[in-house]
Amino acid sequence: MISVESRRAFFLFLALFAGLLLVWQLSTASAPERSPYGIPQGNAEYQMLMGHAPGTTQTREGFPGPARFVASALQALHAPFHNNGPSDRGIGWQVGASLLRVAIGYGLAVVVAVPLGFLIGLRPVIRRAVDPFIQILRPISPLAWMPLALYTIRNAEGCGIFVIFICSLWPIVLNTAFGVGSVRREWLNVARTLEVGWARRVLFVLLPAAAPTIITGMRIGLGIAWLAIVAAEMLVGSSGIGYFVWNQWNNLSLSNVLLAVLLIGFTGMVLDGALAALQRSVTYAE
Amino acid sequence: MPNDNALAPTTMAHDTSRPLVEVSMLEKRYGNSGPPVFSDVSFTIQPGEFVCLIGHSGCGKSSILNILAGLEQPSGGTVIMDGCEINGPGLERGVVFQGHVLLPWLSAVQNVAFAVRSRFPTLSRTEIKEKAEYYLHLVGLRNALDKKPAELSGGMRQRVGIARAFCTQPRMLLMDEPFGALDALTRGLIQEELLQICARTQQTVFMITHDVDEAILLADRVLLMSNGPDARLAESIDNPLPRTRTRESMHHETGFYDLRNHLVDFLVRRSALVSKGEN
Ligand SMILES: Nc1ncnc2c1ncn2[C@@H]1O[C@H](COP(=O)(O)OP(=O)(O)O)[C@@H](O)[C@H]1O
Ligand SMILES: [Mg+2]
């Protein structure tokens, strides 16, 4: 059964989507041809500078309309994993490269952050000792680390992974510490009266009790990681979806840029959806 | 009161046999200033005895139970069980908490199995499950074994809590207002089940209640606490009714109304006088 509400929402969604397409179509069809750098194509001096004598045919594409975008997107997605060297790799290959980096950096962050969060949540002394560091390190934009990371790691790959690691670490640490610290005393008392050892207490009481909060932190961390990897790859990458965006911008292929932008959004949505499903499976009703 | 002599507070020390638990000069304060919550609390519990503690809310009943459970430290005095001083929680004391405290991510049977595994770590997975189901059957829970606590009614949850406490086969069962949140019908059913199980297993029980009829039905002895702050253990009253009493028939027993009036009169009138008069 589909409720009236959800049917209405679906039609509204379709209407919005159609409206968006219409606006897109109208604005790209009627707008004067512009260089991607914001200078009117008609500017003669600019054309001279770019090596086009007035009157030569325009080969450059402007901002694509929906139809042209779909055609070029289908073409790009036709062989998403082709690999003809660093500057000509399929878009799927590039997303895969970004995902691999995120998997390593984010995986490391989870492995470090969850135990650290447990320690902080369980030991007030450690919380107080570590808190100043976290408060200072947490607001630092991941990209601000780039020069230091480049200098110390001297490896673009490691650098990207480090940026992912450092930016997804803090939300996971803080949420884990909060979740573990606010586990109901009564549940811990149950464990105490049953003389439950520390390993069982951590695995079978604290972890399931704090799991929804921990995964909230992991979702925030993954969101930030996916934001950061695109920016990091634009700066230092030789692969990855961020590099792809920048590369296509330099090729003045706005269709591909647009496709990549949408793919970044889609991938982020899928990643968050996966963690949301995990969260649902560990959420409990009190 | 006509029958006051029969109900006169008995002396604290029972000399029938060696007590299982000896509480002496117990005192608890939270914070350093102000009067203690209670002080000078001494009593004993015999093996196989069912003791109920009655008092107004806030007089420190839960604090006493938590000290017996080893979850809290007394500010003064000692609790000795089997010749050893209690200074921490242990499996030989099973606790039924005030307002079921089940782990909400585990099903009913898993909650009990968690306790079984703690008590019998060498048992196999199936043996643990069988034992957990046995104790759930014992408390009359058969159909909802795989439901989470949130899907159970209040009475069912409390049954799971009781099964969890029983399955560790504790020397003493500690219950903190276990039926306070239940409707009268459910409460009556569970009370009777509890009475049967305790009679069969010779279980020693220390239970807190604020329901006079519940105390008369269940307890061999009723401890009365005066009002806080600085509450005292005012009286200890043996239940004169035969142990075969049931909820339906007990008000026909001789002595029921005397006992009931005595307890109600204490709660209404004398509980406040004790602390004022003595101090
Ligand atoms: N952890 C605590 N910190 C401070 N005061 C407490 C704490 N626990 C209980 N108290 C106080 O001690 C008194 C007795 O509490 P409690 O033992 O729960 O009473 P009862 O179970 O008889 O209602 C109350 O006045 C309560 O406010
Ligand atoms: Mg209480």
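To find a chain, count down the sequence lines: A is the first, B the second, and so on, and within it residues start at 1.
Heavy atoms only, all atoms of each residue included: A:Ala285 and B:Pro104 are closest at O-CB, 3.5 Å. The shortest non-hydrogen separation linking A:Trp187 to B:Leu102 is NE1-O, 3.6 Å. B:Ser118 and A:Val196 make their closest contact through OG-CG2, 3.7 Å (heavy atoms, listed as atom of the first residue, atom of the second, distance). Looking at every heavy atom in both residues, A:Glu195 comes nearest to B:Leu91 through OE2-N, 2.7 Å.
Using a 4.5 Å cut-off between heavy atoms, A:Val282 does not touch chain B at all. No part of A:Ala211 comes within reach of chain B, as not one of its non-hydrogen atoms sits under 4.5 angstrom from that chain.
Interface check for chain A: of the options B:Ala115, B:Gly90, B:Pro149, the most heavy-atom pairs under 4.5 Å are formed by B:Gly90.
Other residues, nucleotides and ligands place no more than 12 heavy atoms under 6.0 Å from the CD1 atom of A:Ile136. Within 6.0 Å of CZ in A:Phe178 there are 12 or fewer heavy atoms belonging to other residues, nucleotides or ligands. Annotation: A:Arg184, atom CZ; neighbour count of heavy atoms from other residues, nucleotides and ligands within 6.0 Å is above 12.
Two residues are said to be in side-chain contact when any heavy atoms from C-beta on lie closer than 4.5 Å; A:Arg192 and B:Leu71 meet this criterion. Residues B:Arg164 and A:Val190 are in side-chain contact: their nearest non-hydrogen atoms beyond the backbone lie under 4.5 Å apart. Side-chain atoms of A:Val205 and B:Phe114, non-hydrogen and from C-beta on, do get closer than 4.5 Å to each other.
Rounding to the nearest 0.5 Å places CZ of B:Arg119 at 11.0 Å from CG of A:Leu194. Between B:Phe97 atom CZ and A:Thr193 atom OG1 the span is 4.5 Å, to the nearest 0.5 Å.
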Next item on the list: Would you sort out whether B:Leu103 and A:Phe204 count as a side-chain contact (heavy atoms from CB on, under 4.5 Å), showing the intermediate values?
Entry: CA-CA 10 Å; B:Leu103 303 181; A:Phe204 297 111; over 6 Å; no

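Put simply, the side chain of A:Glu186 never gets that close to the backbone of B:Val101: no donor and acceptor are under 3.5 Å apart.
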